[in-house]
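All residue numbers in this chain count up from 1 along the given sequence. When a ligand or atom number is given, it counts from 1 through the structure's own listing order.
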Amino acid sequence: MKSSIVFSILLSILFTACSQKEEPSKYKGKYFSYYPAGKLSPTHSGIGRMGDNYIYAPGIRFPIEHAPAYINSQVYGVGGYLGPKGSLCDKINYTYPWHDNYCEKRGWSMPLCATGKGHQGVDIRTATCERKKYYAVAVEEGIITSIGSYTVKLRGKSGRTYRYLHLDSKTLQVRKGQTLRRGQRIGLVSDNMGSTPTSIHLHFDMKQTIKVGNRSKSVYVPPYASLVAAYKRLLDGNP
Ligand SMILES: [Zn+2]
């Protein structure tokens, strides 16, 4: 049985950015710090969902096996194709605080983004700038529903579907139809995007049915707040 979580979204309150905290939050006793959900960096990279701190995927495991990991922009970060010149391996790309990049400028149709278009999920760098060293893992128990050239889909018990992009396809640990337990290895994070170059990172997104206005819609929902919570559990040794 899958029970899609359906709830109302009050769009009017979600984009009230003015009263939001703009400084990074620090996590008690750890080095981890993160900017609030919806605060994109640099500002010209797009309009995030400031104020939407709703945890769409409560209790998920962080999708990379081990900390540290870094959520920030691949496109507008150092070495990115619209970012400052430099190496993709620049230390600044491997430093806290995290920056949300859901709704970053892209051509994808995205009803929950301010412009109706944007990045469908978030991009996560692994501990170091090395291919095929760090495992992406199942965020919840579920079944592998599809494996594309650089995309693996996991449908969780919750009914939510998660996508993992840019894993090394030759060393995938899963096959279509396989049932995974929470935390089970899926594959190694790499820079696989077919013939298009990209940085070494995991693109992670989550699709679920929610109510948009008065219609139920299956949409890519904001993963950042859920990932901040999951990462804190990982840092606490209780992933
Ligand atoms: Zn991405």
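- Under 4.0 Å is where a charged nitrogen must lie from a carboxylate oxygen, and between Arg106 and Asp123 at least one such pair does.
- Val122 and Val78 are assigned to two separate hydrophobic clusters, defined by single-linkage of ILVMFWY side chains at heavy-atom distances under 4.5 Å.
- Tally of protein N, O or S atoms closer to the Zn ion (ligand 1) than 2.8 Å: 3.
- The aromatic rings of His166 and His203 lie perpendicular to each other, with more than 60° between the two planes, well past the 30° mark.
- Using cut-offs of 30° and 60° on the angle between ring planes, the pair Phe32 and Tyr34 is parallel.
- Salt-bridge check for Glu140 with Lys157: failed, with every basic side-chain N at 4.0 Å or more from each acidic carboxylate O.
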| message | Working note: Tyr231 + Trp98, criterion ring pair (Phe, Tyr, Trp, His ring centres under 6.0 Å); need CA distance, chi angles, decisive distance, verdict. | response | CA-CA 11 Å; Tyr231 193 68; Trp98 283 5; 4.6 Å; yes
